[in-house]
Amino acid sequence: MGTILHSPTFSLQGKQAFCTILYTALVIMEYKPSEFEAKWKRYWEENQVYQVSNQSDRPKFYVLDMFPYPSGAGLHVGHPLGYIASDIFARYKRLQGFNVLHPMGYDAFGLPAEQYAIQTGVHPAKSTAENIDRYRGQMDNLGFSFDWNREVRTCDPQYYRWTQWIFLQLFGHYYDNQANTARPISALEAHFAKQGTTGLAAACSEDLSFSAAEWQAKTAKERSDILMNYRLAYRKETYVNWCEELGTVLANDEVKDGVSERGGYPVERRPMLQWSLRITAYADRMLRDLDELEFSEAMKKMQSNWIGRSEGAQLFFSIAGSDAQIEIFTTRPDTIFGATYMVLAPEHDLVPLLTTPEQKAAVDAYLTYVKTRSERDRMSDVKEVTGAFLGTYAINPFTESPIPVWIGEYVLKDYGTGAIMAVPSDDDRDFAFATKFGLEIIDVVDKTNYPGSTRHDKEGLMINSGFLDGMEVPAAIELMLQEIEKRGLGKRKVNFKIRDAIYSRQRYWGEPFPIIYDPEGVAHPMPLAELPLELPELENFQPASGGVSPLARAADWVELPNGWRRETDTMPGFAGSSWYFLRYMDPHNTEAFASKAALEYWREVDLYVGGTEHAVGHLMYSRFWHKFLFDLGYVPTKEPYRKLINQGMIQGVIENIYLQKERLTDGRNRFVCATLVATEEAKGIEFTKIPVFVDYVTDYGLPGSYLGLDGIAKFTAWRPEYADAVFETAQGAISAGKFNGTGTPRLVTQSEVGKMSKSKYNVINPDDVVSQYGADCFRMYEMFLGPIEQAKPWDTKGIDGVNKFLRRFWGLFTNNQGELSLSEATPTRDEFKVLHQTIKGIAEDIERFSFNTCVSKFMIATNELQKLSCNKRDILREMVILLAPFAPFTSEELWHQLGESGSVHQARFPELNEDYLKESIIQYPISINGKVRTTVDLPADASNDALQAAALALEPIQRWIDGKEVVKVIVVPQRMINIVVKG
RNA sequence: GCCCGGGUGGUGGAAUAGGUAGACACGCAGGACUUAAAAUCCUGUGGCCAGCAACGGCCGUGCGGGUUCGAUUCCCGCUCCGGGCACCA
């Protein structure tokens, strides 16, 4: 330890000059991060500085980043924002003596790699591996403290073996609503064999009812179908966006206005037999357990809205002249006397049965129309109501009047029961529908006592409602629920908005299902010992005909010798990411996804950092899987993530230039300066904006950004199709590189803020910033930009400030010849004060994830130490440790310059001594009626009376209170004094 | 439409428990060093008013109210921006 020199035995009393031993090395120390970054990267790697053991007597702490999808565009400056924050936190926790698990990996299955393969023929495994290498290099450049021995890749068979394993567990279990836990399917079979469905409380797709004898009499195929109704991973018909032209299924966001975004081909809703996960079984627990999580309130709200729990009644309406019944769910059973018609989802099973011959033509026409409507369209067009009458009547169970049955796209097949009783007087959509189609409207709630109350609010007095008349709505709801159960018309029910997760994808680049089908089509799990089921090699990644996965092409793989067939769909993106944090705990285990011991030691993620865009997708699915694994006893905690921090998106600047839509008469294209567009448009000329590479733009992101002659040359080199285009600027026109005007031409660009993306040509690579300023400067600058959760566009305007700070900090260690120069003298009280203020500030700010203020506290400390000309080893050594989480390279270099051994990242966080922070004098602001009029220095331990007296005696205060009455004086010790005057 | 954020100097932002609004930076202006530039250092910098100057005054955290001795902070209403959800029965 380098502290011996100032230990009491060595410190000389008396003259400072004598005890100051100047320690001057002859090395010239200039701050050049590029000269030591590589050295320390190697050192950390060789000494396994960041390797974490599962055996430790230190307390554990688990800091996790949402792992990235390795895209072809590489990491951009937005990605590291969260990684830097989590790295700072992880390093801080290590300095505090925690055994910190801080791993990184790749969410490596996904559509872009497959799309790329279709276009270029490059195997997704190859392009993915290359992208991963690039990401790794970029991350290494930033000095993260990941334990790379624990890296996971979801596309690695040794990883997805366990994804498949978990899927088979889901397949092999059902949810017991009474015991509130998952139980093996064998237990369900035993229950059926013994007592049929009697006494069963299981989560299911459809309520079934049969006796033990009936169960015994069923064939294997029938039994398998029944069990599917209960499995947590099950197969059923679900609707997909099918695009015939592209021969593939599209995601909701790939469909715009009913046509494919790519190519604009028609898209139709088509039913398909697909795997789903019964996440709804866990809805209630996922909602309840949100309470104990340290997520932002907004995040919790988003999740609970997504789960969307509502209490109400399940009700059956009978049909005039039919045995069929329509099952509905309503949260407003009180309004049933106002139910004047019913609406089914167009896809509802009863539609064919309930359509009368007279109405068939109209209904068919409507169904054809609905098919072309994406789910998104159906949900977003609020103004226009559409529907068709089936010709049949249902009976309102309370009024006993016949009410017409309609279909309408505003009723969704997958929500509730896919059917509603319509109460036009109490629901806006029903009202619009009834008005349009001339259906009866009966007022049932009198809201005259509730001014400002809308149709939706559950308040008012019941009218026209038989036995409910005169009751307040809440009481009426309760009485009606009792009445419904008494009359056997239905029962109380809790409904969830959340739907089961569709788990099939007709794609190549995903986990294959470890499922085989016998000749009857019954799904069987593969033996666990045979996992992983690896993806077969393929040459052609195009979807196979008929909406079947590309895997169907691999006949050898699909067809088994015994005549059975493999499932050819693959799993979705969220499969691998739903449990990856568990694999990091024990990544090389071949016997289990992680050992019991590892799971018991690391338990859960203490801090999870990632973007809000995963609020409902990834976070919901992984919470669901975790709870399932908890039920099975595989994990020790019921929630995976203790605390969640959402980093804001770093947006990019998109620079566009205006291209005239119509070519000139000579066939050339014409671009026009943004300043000229308005006048041109006034002439009726139309333009499209096309994005250009931001690198070509001078002053990009600033008002008046433009392409100069040079920029235009780069642009035409990049896009040769515009080589002969005319570029018109306010100064004159440029064509073929020649400028015919006077002055300097500026083709002013149009700038907007948006996502950083390859297609907008605005991706900023952190490598470029690092090579210019160094990794530490980049890290601290990203933190300095503002609060971590805030979204902001990337700009480097302030980066010089951080760079300057690092050089100044470095400068504390050197004399003006640039030589290392340290003093072994005992620091002064002022110097200690600066140090301890910093220790306190940094620790507090890190704990509250306020990294931007940390940076400014470092700046303040450095400025003050510079003013004090402090080069005392005892101060600087501790400052280096404080800085280490933020600037790992610079602090490691300085640590070794200090002559310390080992890594600064294995040092201990300095201890705070509050004594140095005590102030003897406090500067008090003195205000009159809340307005500060002057300040005065007063002893910190002065009594309130003394403070008051001192304040009143001040000359400026005397002037203010002269001739007025002092009503009272408020003294807040250590803070301020306020004098209240009147007159 | 509903829910959740947010609006502070020319710019990014700070103010942690209702107590000196604008910390720390960027930018800008002036100065020192230099043959010069870069780098570095120093000074000033919310707006308006007054003044030779010192000392000042008024306004000011999206807008309008309120609570309070005192409000960027709490409450009510509005507005704009961002995000999420959405014929959710």
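In what follows, chains carry the letters A, B, and so on, assigned in the order in which the sequence lines appear, proteins first and then strands, with residues in each chain numbered from 1.
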Look for any protein N or O under 3.5 Å of an N or O in nucleotides 67-72 of chain B and output each such pair with its distance, or none.
{"unit_1": "B:rC69", "atom_1": "O2'", "unit_2": "A:N978", "atom_2": "ND2", "d": "3.3"}
{"unit_1": "B:rC69", "atom_1": "O2", "unit_2": "A:N978", "atom_2": "ND2", "d": "2.4"}

Under-3.5 Å N/O pairs linking protein and nucleotides 38-43 of chain B:
{"unit_1": "B:rC41", "atom_1": "OP1", "unit_2": "A:R808", "atom_2": "NE", "d": "2.8"}
{"unit_1": "B:rC41", "atom_1": "OP1", "unit_2": "A:R808", "atom_2": "NH2", "d": "3.2"}

Considering only nitrogen or oxygen atoms on both sides, find all protein atoms under 3.5 Å from nucleotides 5-9 of chain B and state each distance.
none

Can you give me the N/O atom pairs linking the protein to nucleotides 79-85 of chain B at distances under 3.5 Å, or say none if there are none?
{"unit_1": "B:rC85", "atom_1": "O2'", "unit_2": "A:K497", "atom_2": "NZ", "d": "3.2"}

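Closest to the side chain of A:R848, from the set B:rA15, B:rA25, B:rU20, is B:rA15. Checking B:rA25, B:rA21, B:rA89 against every side-chain atom of A:V932, the shortest atom distance belongs to B:rA21.
Applying the side-chain hydrogen bond (donor to acceptor under 3.5 Å, both in side chains) definition to pairs two or more places apart or across chains, none involves residues 782-791 of chain A.
Across all strands, A:L785 comes closer than 4.0 Å only to sugar-phosphate atoms, never to a base (heavy-atom distances). Contact annotation for A:F805: no contact, since no heavy-atom pair falls under 4.0 Å across all strands. Residue contacts shown for A:R975 are limited to sugar-phosphate atoms, with no base heavy atom under 4.0 Å away. Within 4.0 Å (heavy atoms only), A:P787 reaches sugar-phosphate atoms of the nucleic acid but no base atom.
Distance check on atom C1': B:rU43 versus B:rG77 gives 47 Å, rounded to whole Å. Nucleotides B:rU73 and B:rU61 have their C1' atoms positioned 10 Å apart, rounded to a whole Å. Taking atom C1' in both B:rA15 and B:rG64, one finds a spacing of 25 Å when rounded to whole Å. B:rU34 and B:rG44: their P atoms are spaced 24 Å apart (whole Å). Comparing B:rC2 with B:rC78, their P atoms are spaced 10 Å from each other, to the whole Å. If you take atom C1' in B:rG57 and the same atom in B:rU8, they sit 23 Å apart, rounded to whole Å. When the P atom is used for both B:rG6 and B:rG13, the distance is 13 Å, rounded to whole Å. Here, B:rG10 and B:rG22 have their P atoms 16 Å apart, quoted to the whole Å.
Ion pairing between a basic and an acidic side chain is recognised when a charged N comes within 4.0 Å of a carboxylate O; A:E844 and A:K840 show such pairing. A salt bridge is absent between A:E297 and A:K301; no separation between the charged side-chain nitrogens and carboxylate oxygens falls under 4.0 Å.
Side-chain contact of A:T890 with A:Y31: a donor-acceptor pair under 3.5 Å is present, judged by distance alone. Side chains of A:Y369 and A:E409: a donor-acceptor N/O pair is present below 3.5 angstrom, by distance only.
Taking the six-membered ring where tryptophan is involved, the planes of A:F433 and A:Y341 are essentially parallel, since the angle between them stays under 30° and well short of 60°. Using the six-membered ring where Trp is involved, A:F886 and A:F851 have ring planes that are perpendicular, over 60° apart on the 30 and 60° scheme.
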Its dot-bracket string being built from Watson-Crick and G-U pairs below 3.5 Å, with | for another strand and [ ] for crossing, RNA chain B has the pattern (((((((..(((......[....)))((((((.......))))))((((......))))..(((((..]....))))))))))))....

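The number of heavy-atom neighbours closer than 6.0 Å to CZ of A:R492, taken from other residues, nucleotides and ligands shown, is above 12. Within a 6.0 Å sphere centred on NZ of A:K643, other residues, nucleotides and ligands contribute more than 12 heavy atoms.
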What's the verdict on side-chain hydrogen bond (donor to acceptor under 3.5 Å, both in side chains) for A:Y410 and A:D430, showing C-alpha distance, side-chain angles and the deciding distance?
CA-CA 10 Å; A:Y410 78 94; A:D430 295 348; 2.7 Å; yes

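Atom-to-atom, CD of A:E311 to C1' of B:rA89 comes out at 15 Å; the value is rounded to the nearest Å. Whole-Å rounding puts the A:W960 CH2 to B:rG56 P distance at 11 Å.
Residue A:N863 has a polar side-chain atom (N or O) positioned under 4.0 Å from OP1 or OP2 of B:rA25. For the OP1/OP2 pair of B:rG57 and a distance below 4.0 Å, the side-chain nitrogens and oxygens of A:R933 include at least one atom meeting the criterion.
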